K.L.:
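There's a structure below that I have some questions on.
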Amino acid sequence: MTVLHDTALTQELRSRLLKGELLTLGDFMTVALGHPIHGYYMKQDPFGAEGDFTTAPEISQIFGEMIGLWMANFWQENLGPPQRVHIVECGPGRGTLFADLLRAAKILPQFYNCISGHLVEMSPTLRQKQKDTLRPYLEDGLSITWHDSIDSLPKDAPLLIICNEFFDALPIEQFVRTPKGWAKKALTLTQDGHLDFCPLLPATAHEKNAFPPASAAANTGDLLETCFIGQKIYRQMMSRIAQQKGCCLIFDYGYTESALGDSFQALHKHQYVSVLDYVGDADLTAHVDFSSLLAAGHKENVHQYGALTMGAFLSNIGFTDRARALQAQASLEQQQQIERSSHRLLSPDQMGNLFKVIAATHADAALPAGFAPIHKIS
Ligand code: SAH
């Protein structure tokens, strides 16, 4: 049997269970990632070679730069001067993507002068890291506001929203098909006091109504994941874009057709571990079900596009041209580094196919760059 490594959070969860508290798998994920003291994102900077995982903006500066140009293009085509805009990033990590995006935006002063920045971030540690990364822009007079959730985003101008690996960090619930119907997984204690998950709670009618289409084909023993919180946040974003105008671009590790199966996973120092191991010291994620997000957005007056693979989208918006331009002014070592990082993001056998991207715009906006009319789904 695998030996699990106890942490302060394992002990806290154990004592909450012994007191009779009911904690679903989603509650477990919320605590493990967001506990004010011991939560994974709350106490540390988890990125890079020293950390647990790395992300597209940490791999290549071109990623954030291309997003900055994509937003500038959207603004020029649909809003234009003198229209002010709020650029919003949800889950900005170290602030790397936002800094790269701003650097590219600065090339177009007309656009840059209309921007204010908004970062939706729950972690005080990462907020500090973001302030450090973005200090040159803050000192330059750019207004950047931090938010606990998207609820407090301003309503007085269009929103240009970017999310990279934000939705995969939001708590999911898992349901198991039993002979008596769907049952939601909750945290339990084994006889020897270890944490475990069991399908304990019958799914409510409300939950079953929100299940994705794949649930209809389930057999006994099959597992279904839902991210109700992600769908709710996405729909709120769409409602804001419909009311205020603007767009969003969402990248994540995920799938395009609703499906059954378990994608809940934990990473600790670049190694996969059990989701119940190193609680609060391991990153927890679940693949994003893009079809459920798009279905939630369909209820608002917006146009949605995708999902495309990240590799196809980045190629469409000129990632490779930008890489060539950078290589032309770089040392041999830098040229090789640019080659490696581009390969990692674009190649189908690396992140290119695993990561997907969707976009949404207000209803009368032009086709966003990187997407063709066939990618429009509503
Ligand atoms: N976008 C960054 C980091 C992705 S990791 C990158 O690509 O490098 C997930 C980020 O989302 C972290 O900054 C984490 O603190 C933040 N986060 C996770 N759940 C959140 C929530 N519910 N509300 C706000 N921020 C959250």
Side-chain angles (χ1 to χ4, degrees), residues 26-68 87-102 117-134 144-153 161-173 227-234 236-237 248-254 265-267 270 280-288 310 314 341 344-345 351 354-357:
D27 296 330
F28 167 80
M29 199 169 167
T30 304
V31 170
L33 296 180
H35 183 282
I37 299 162
H38 304 298
Y40 179 73
Y41 283 118
M42 306 305 267
K43 62 184 179 195
Q44 66 200 332
D45 169 1
F47 307 100
E50 293 293 302
D52 296 299
F53 63 104
T54 191
T55 58
E58 300 300 331
I59 293 170
S60 170
Q61 67 176 75
I62 305 174
F63 185 74
E65 290 172 353
M66 298 310 295
I67 292 165
I87 298 194
V88 180
E89 183 174 0
C90 298
R94 285 178 167 173
T96 309
L97 190 160
F98 210 72
D100 293 340
L101 172 163
L102 291 174
H118 297 271
L119 301 179
V120 179
E121 174 57 67
M122 68 174 179
S123 159
T125 312
L126 287 173
R127 278 185 183 205
Q128 189 52 51
K129 180 80 198 158
Q130 291 151 17
K131 278 191 188 116
D132 294 344
T133 308
L134 296 166
I144 302 182
T145 314
W146 275 261
H147 301 262
D148 291 328
S149 77
I150 65 167
D151 298 342
S152 55
L153 291 173
I161 306 174
I162 168 72
C163 307
N164 183 57
E165 295 210 44
F166 170 68
F167 280 91
D168 72 352
L170 298 176
I172 57 154
E173 297 291 355
C227 186
F228 296 129
I229 295 175
Q231 289 167 32
K232 186 171 160 215
I233 293 176
Y234 181 76
Q236 283 170 339
M237 285 178 182
C248 81
L249 197 55
I250 295 176
F251 293 86
D252 229 307
Y253 202 21
Q265 64 186 34
L267 261 186
H270 296 268
D281 291 338
D283 183 37
L284 295 177
T285 57
H287 294 185
V288 173
M310 181 165 85
L314 292 178
S341 55
R344 194 146 170 215
L345 295 190
M351 293 164 78
L354 288 174
F355 279 75
K356 311 289 187 303
V357 54

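Here the structure is a predicted model, which is why all the values come from computation and not from measurement. In this chain, residues are counted from 1 in sequence order. We count ligands from 1, going down the list as the structure has it; atoms in each ligand are counted the same way.
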K.L.:
Check step by step if side-chain contact (heavy atoms from CB on, under 4.5 Å) holds for Met237 and Cys90.
P.N.:
CA-CA 11 Å; Met237 285 178 182; Cys90 298; 3.6 Å; yes

K.L.:
Is there at least one pair of N or O atoms, one from Gln130 and one from ligand 1, spaced under 3.5 Å apart?
P.N.:
no

K.L.:
Is it the case that ligand 1 has an N or O less than 3.5 angstrom from some N or O of Gly93?
P.N.:
yes

K.L.:
With backbone taken as N, CA, C and O and side chain as the heavy atoms from C-beta onward, which portion of Glu89 lies under 4.0 Å from ligand 1: side chain, backbone, both, or neither?
P.N.:
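Answer for Glu89: side chain.
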
K.L.:
With a sphere of 6.0 Å drawn around NZ of Lys131, does it hold more than 12 non-hydrogen atoms of other residues, nucleotides or ligands?
P.N.:
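Atom NZ in Lys131 is packed in, count exceeds 12.
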
K.L.:
I'd like to check the ring pair (Phe, Tyr, Trp, His ring centres under 6.0 Å) partners of Tyr253; sequence neighbours left out, ordered by chain and number.
P.N.:
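Ring pair (Phe, Tyr, Trp, His ring centres under 6.0 Å) check on Tyr253 returns His287, Phe355.
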
K.L.:
Where is the tightest heavy-atom contact between Gly95 and Leu134, given as atom of each residue plus distance?
P.N.:
O-CD2, 4.1 Å

K.L.:
If you look at every heavy atom in Phe166 and Asp252, which pair is closest and at what distance?
P.N.:
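Shortest heavy-atom contact: N-OD2, 3.4 Å.
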
K.L.:
Heavy-atom distances under 4.0 Å decide this one: backbone, side chain, both or neither, for Ala56 against ligand 1?
P.N.:
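Neither; no heavy atom under 4.0 Å.
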
K.L.:
Among all protein heavy atoms, pick the one closest to atom 6 (C) of ligand 1 and tell me residue, atom and distance.
P.N.:
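The answer is Thr55 OG1, 3.3 Å.
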
K.L.:
Between Met351 and Met310, which heavy-atom pair has the shortest distance, and what is it?
P.N.:
CB-CE, 3.9 Å

K.L.:
Go through ligand 1 atom by atom and flag the ones less than 4.0 Å from a non-hydrogen atom of Glu165.
P.N.:
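Near Glu165, meaning under 4.0 Å from one of its heavy atoms, ligand 1 has 4 (C), 5 (S), 9 (C).
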
K.L.:
Taking only residues two or more places apart in sequence, or in another chain, which ones meet Arg344 in a salt bridge (charged side-chain N to carboxylate O under 4.0 Å, His left out)?
P.N.:
none

K.L.:
Check Asn164 against ligand 1 and report side chain, backbone, both or neither, counting heavy atoms closer than 4.0 Å.
P.N.:
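Contact part for Asn164 vs ligand 1: both backbone and side chain.
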
K.L.:
Tell me, with the steps shown, if Ile87 and Phe98 meet side-chain contact (heavy atoms from CB on, under 4.5 Å).
P.N.:
CA-CA 9 Å; Ile87 298 194; Phe98 210 72; 3.7 Å; yes

K.L.:
Side chains of Gln231 and Leu170: does their closest heavy-atom pair fall under 4.5 Å?
P.N.:
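Not in contact.
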
K.L.:
To check your reading of the model: name the closest protein heavy atom to atom 20 (C) of ligand 1, its residue, and the distance in Å.
P.N.:
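In this structure, atom 20 (C) of ligand 1 has Met122 SD, 3.6 Å as its nearest protein heavy atom.
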
K.L.:
Could you tell me which atoms of ligand 1, counted from 1 in the order shown, lie closer than 4.0 angstrom to a heavy atom of Phe47?
P.N.:
3 (C), 5 (S)

K.L.:
What part of Leu170, side chain, backbone, both or neither, has a heavy atom within less than 4.0 angstrom of ligand 1?
P.N.:
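For Leu170, only side-chain atoms sit under 4.0 Å from ligand 1.
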
K.L.:
List ligand 1 atoms under 4.0 Å from Leu126, heavy atoms only on the residue side.
P.N.:
12 (C), 13 (O), 15 (O)

K.L.:
For ligand 1, which atoms, with element, lie under 4.0 Å from some heavy atom of Pro57?
P.N.:
6 (C), 7 (O), 8 (O)

K.L.:
So, is Gly91 polar-close to ligand 1, with some N/O to N/O distance under 3.5 Å?
P.N.:
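Yes, since at least one N or O of Gly91 sits under 3.5 Å from an N or O of ligand 1.
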
K.L.:
Does Glu121, backbone or side chain, put an N or O under 3.5 Å from an N or O of ligand 1?
P.N.:
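N/O-N/O distance under 3.5 Å: yes.
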
